[in-house]
Amino acid sequence: MKVLLVGSGGREHAMAMAIARSVEEPTLYAAMKYKNPGIAQLCEDYLLVNETDLEKVADYARCADLVVIGPEAPLAEGLVDVLDHRGVRAFGPTRKAAAIESDKGWARSFMSEKGIRGCPTYALFDDLSDADRFIKDNIDEEGLVIKPVGLTGGKGVVVINSYSEGKDYLKTLRGPVVIEECLSGEEFTVQAFVDGSVLAPAPAVQDHKRAFEGDLGPNTGGMGSYTDKSYILPFMNKDDYRAAVTIMQDTINALKSEGITFKGILYGQFMLTRTGPMVVEFNCRFGDPEAMNILPLLKSDFIELAESAVDGTLKQADYELRATVCKYVVPAGYPTNPKPTEITIDTDHIDAALFYASVNDRDGAITTTTSRAVAVLGVAETIENAEHQAERALQFIKGDVFARHDIGKKKLIESRIEHMKRIRDA
Ligand code: GLY
């Protein structure tokens with residue numbers, strides 16, 4: 001069986017590893033922007049290509065039995081539609097279904113019209129001067145959230161606490177925005193295989209968006225993430241997880257009732273508030289880094305899940321119940337002023353899983369780009385031990401780089417539990 005993977009990040013390296021473990025013993029091909037050395041090593045052949053160049057990717061996919069698409073951009077552009085048209089099986093949502101991520105204005109209107117629980121109060125503005133006026137009239141001590149409606153690589157969502165902050169941010173934007181109430185609580189992610197009707201959810205993950213320790217600094221694509229040894233995280237309970245999955249299921253059902261069959265991965269980003277989970281956003285693909293937490297725990301066969309999602313015959317997915325801690329290594333200055341740098345990785349001494357992300361590999365010399373470079377993943381019976389394993393691995397990655405050492409540490413986890421307790425008791 002020939003499988004073509006589209007994408008070149010850490011998420012796609014985790015997907016490539018899961019595909020390579022399949023009992024189908026697939027021959028793997030990749031269409032990627034950069035030569036990810038981890039993916040390249042698992043591949044029979046690869047094509048370096050802009051992943052949104054749909055014609056080129058589809059030409060390369062001609063002989064594939066299945067195409068698995070990692071990033072949102074080619075999904076939003078309609079890669080699955082192009083492949084369908086050419087009779088190539090593809091695992092991922094169509095352009096219309098991917099709008100759940102690529103058009104945040106539509107996603108909110110849809111949730112609201114369909115009465116899906118967990119939709120915050122929001123307003124949609126095509127004209128930024130109307131948005132400016134709205135902020136002036138409505139900003140208070142709770143703050144507001146501004147979201148460009150299109151794709152922003154996870155970095156476009158900004159919380160503002162004053163009119164002048166809002167005004168300054170709007171000046172940097174073009175095109176429509178959604179402005180929402182600012183939710184208080186703890187964020188978590190649930191990722192699920194979906195076949196248009198059935199949802200097979202994975203354990204909850206918590207990502208860390210801020211660049212620096214203590215949740216300080218600018219937003220990033222995600223500096224690292226953890227899972228616990230069950231489906232829930234230390235600050236949540238089973239009902240919170242069930243409520244989140246129900247919201248995702250209701251969304252899939254509502255899409256279906258409108259003739260939109262969502263097949264692929266649905267990523268629900270939730271804020272656990274005093275009244276339960278609220279939807280921060282939906283994405284139409286695995287999270288990065290969150291895929292690196294859950295795919296190594298996947299006991300079910302990835303290809304079987306992907307094919308049954310495409311065929312509409314999905315059953316539940318099984319995961320090993322172990323804790324994981326993932327930490328990204330990024331170039332100095334990331335994300336505002338990153339400087340590409342050469343890094344050395346002493347793989348002989350790393351006993352954690354290692355995922356390559358945005359790097360260039362020239363004859364074994366690894367240089368970062370301006371984005372997240374490599375990630376390490378500890379897997380153990382407890383978050384604490386998984387964190388130790390990830391930290392040990394970080395010592396063997398050298399260069400002008402940094403990572404968030406606080407992710408998964410007892411102090412940070414306890415502060416999350418305390419924070420959630422204060423929110424619930426308020
Ligand atoms: N880690 C955030 C995302 O993948 O959107």
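Quick note: residue numbers are just sequence positions, from 1. All ligand and atom numbering here is 1-based and tracks the order in the structure.
Note on ligand 1: S225 sits outside its first shell, no heavy atom being nearer than 4.0 Å. Residue contacts with ligand 1 include Y267, since one of its heavy atoms falls under 4.0 Å from the ligand.
Taking every heavy atom of D207 and a limit of under 4.0 angstrom, the matching atoms of ligand 1 come to 1 (N), 2 (C). Close approach of ligand 1 to N283 is summarised as follows: ligand atoms under 4.0 Å from at least one heavy atom of the residue are 5 (O). Interface atoms of ligand 1 facing P289, defined by a heavy-atom separation under 4.0 Å, are 1 (N). Less than 4.0 angstrom separates some heavy atom of R285 from each of these atoms of ligand 1: 3 (C), 4 (O), 5 (O). Shown in contact with G287 at under 4.0 Å from a heavy atom are these atoms of ligand 1, numbered in order with element: 4 (O).
Of all heavy-atom pairs spanning Q206 and E187, the tightest one is NE2-O, 3.0 Å. In this structure, P331 and S371 approach most closely via the heavy-atom pair CD-O, 3.1 Å.
One finds no salt bridge joining D103 and R108 here, because no Lys/Arg side-chain nitrogen approaches an Asp/Glu carboxylate oxygen to under 4.0 Å. A salt bridge is absent between K263 and D311; no separation between the charged side-chain nitrogens and carboxylate oxygens falls under 4.0 Å.
Of the N or O atoms in G221, one or more lie within a sub-3.5 Å distance of an N or O in ligand 1. Taking distance alone, with nitrogen or oxygen atoms compared against 3.5 Å, D288 approaches ligand 1 more closely than that limit. Considering both main-chain and side-chain atoms, K209 never comes within under 3.5 Å of ligand 1 through any nitrogen or oxygen pair. Of the N or O atoms in E290, one or more lie within a sub-3.5 Å distance of an N or O in ligand 1.
In this model, no donor atom of one side chain and acceptor atom of the other lie less than 3.5 Å apart for E342 and T367.
For F134 and F125, the gap between ring centers is short of 6.0 Å.
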Go through it in stages, so that I can follow the logic: the residues are E320 and K299, the test is salt bridge (Lys or Arg N to Asp or Glu O under 4.0 Å), and I'd like the CA-CA distance, side-chain angles, deciding distance and then a yes or no. CA-CA 6 Å; E320 240 182 287; K299 289 201 284 185; over 6 Å; no

Just do the ring pair (Phe, Tyr, Trp, His ring centres under 6.0 Å) check on F302 and F193 with the steps written out, would you? CA-CA 10 Å; F302 185 97; F193 286 82; 5.7 Å; yes

